[in-house]
Amino acid sequence: IASNSNTISFVEVYNNAGNGIQIFKTSGDATGTCSSNTITLCNVHNNCSAASTDAGIFVGVGTSNSVVNNIIHANTGLGIDLANSAQSTLLYFNTVADNTTGLDGVLINAGCANTVLRNNIVFNNAGTAISDAGTSTTKDHNQTTDPTFTGGAGTGASGAESVRRS
């Protein structure tokens, strides 16, 4: 996404060599461009090439972007990466699990401000569950260990597999 006021919803994003979904623009006003976008109800998995610092979902610029109620799993990189000048980003009700290569589940980089990280499940990622170098971040009601869900009747699933199936 390289513009304002877009919604990506009900999409499965997988097998990309780079970021699965990104909000980013390389030129122009970084805070006024790519603002008020929403990524919701997406299944983002198996993205990023080996030894990558890419992410399942990358928000690199803009103000008031929302990443809400997504499943981000099995990416060879970060789960969610907020970078550069992302301001007032909302991260609510996401499940971020099983992302690999020693990187974090959720990374909030320096330069990001006023992020709200609330009611997320972030577990079993290769690095830190939530790494925050931003300023004025609000973090509450996030689950950073296996929630030990059990699957629905007859699924036999538990833990991370149960979360992915929901």
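Within the 4.5 Å cutoff, no side-chain heavy atoms of Asp146 are placed close to those of Asn124. At least one side-chain heavy atom of Asn84 sits under 4.5 Å from a side-chain heavy atom of Phe58. Phe24 has its side chain within reach of Val61: a pair of non-hydrogen atoms, C-beta onward, lies under 4.5 Å apart. A 4.5 Å side-chain heavy-atom check between Asn4 and Ser36 finds every atom pair outside the cut-off.
Contact between Gly56 and Cys48 at its shortest, heavy atoms only, is N-SG, 4.2 Å. Among all heavy-atom pairs drawn from Thr137 and Gly134, the shortest one is OG1-C, 4.1 Å. Of all heavy-atom pairs spanning Gln87 and Cys112, the tightest one is NE2-CA, 4.0 Å. The shortest heavy-atom contact between Asn142 and Arg118 is OD1-C, 3.5 Å. Pairing each heavy atom of Ser5 with each of Asn37, the nearest pair is N-OD1, 3.3 Å. When all heavy atoms of His73 and Asn43 are compared, the pair lying nearest together is NE2-OD1, 2.9 Å.
To the nearest 0.5 Å, atoms OG (Ser9) and CG (Asn70) are separated by 9.5 Å. Distance CG/Leu90 to CG/Asn65: 9.0 Å, rounded to 0.5 Å. Remark: Ser35 OG to Asn6 CG distance equals 11.0 Å, nearest 0.5 Å. Taken to the nearest 0.5 Å, the CG atom of Asn15 stands 7.5 Å off from the NE2 atom of His45. Asp54 contributes atom CG, which lies 8.0 Å from atom CD of Gln22 (distance to the nearest 0.5 angstrom). Residue Leu103 holds its CG atom at 9.5 Å from CG of Asn125, rounded to the nearest 0.5 Å.
The hydrophobic cluster containing Leu41, built from Ile/Leu/Val/Met/Phe/Trp/Tyr side-chain heavy atoms closer than 4.5 Å, also comprises Phe10. The other residues sharing a hydrophobic cluster with Ile57 are Ile1, Ile8, Val11, Val13, Ile21, Ile23, Ile39, Val44, Val59, Val67, Ile72, Ile80, Leu82, Leu91, Val96, Val106, Ile108, Leu117, Val122, Ile130, where clustering joins ILVMFWY side chains under 4.5 Å apart.
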Check against side chain to side chain contact (heavy atoms under 4.5 Å, CB included), Asn109 and Asp81
CA-CA 8 Å; Asn109 288 281; Asp81 184 9; 2.8 Å; yes
Check the pair Asn119 / Tyr92 against side chain to side chain contact (heavy atoms under 4.5 Å, CB included), numbers first and verdict last.
CA-CA 6 Å; Asn119 294 324; Tyr92 291 166; 5.7 Å; no
Take Gln143 and Thr145 through the side chain to side chain donor-acceptor pair (under 3.5 Å) test and state the conclusion after the steps.
CA-CA 6 Å; Gln143 174 76 35; Thr145 59; 2.7 Å; yes
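Looking only at distances, no side-chain donor or acceptor of Asn46 sits under 3.5 Å from a matching main-chain atom of Tyr14. Under a 3.5 Å cut-off, the side chain of Thr40 and the backbone N or O of Val68 do form a donor-acceptor pair.
Partners of Asn47 under the side-chain hydrogen bond (donor to acceptor under 3.5 Å, both in side chains) rule, at least two apart in sequence or in another chain, are Asn16, Asn75.
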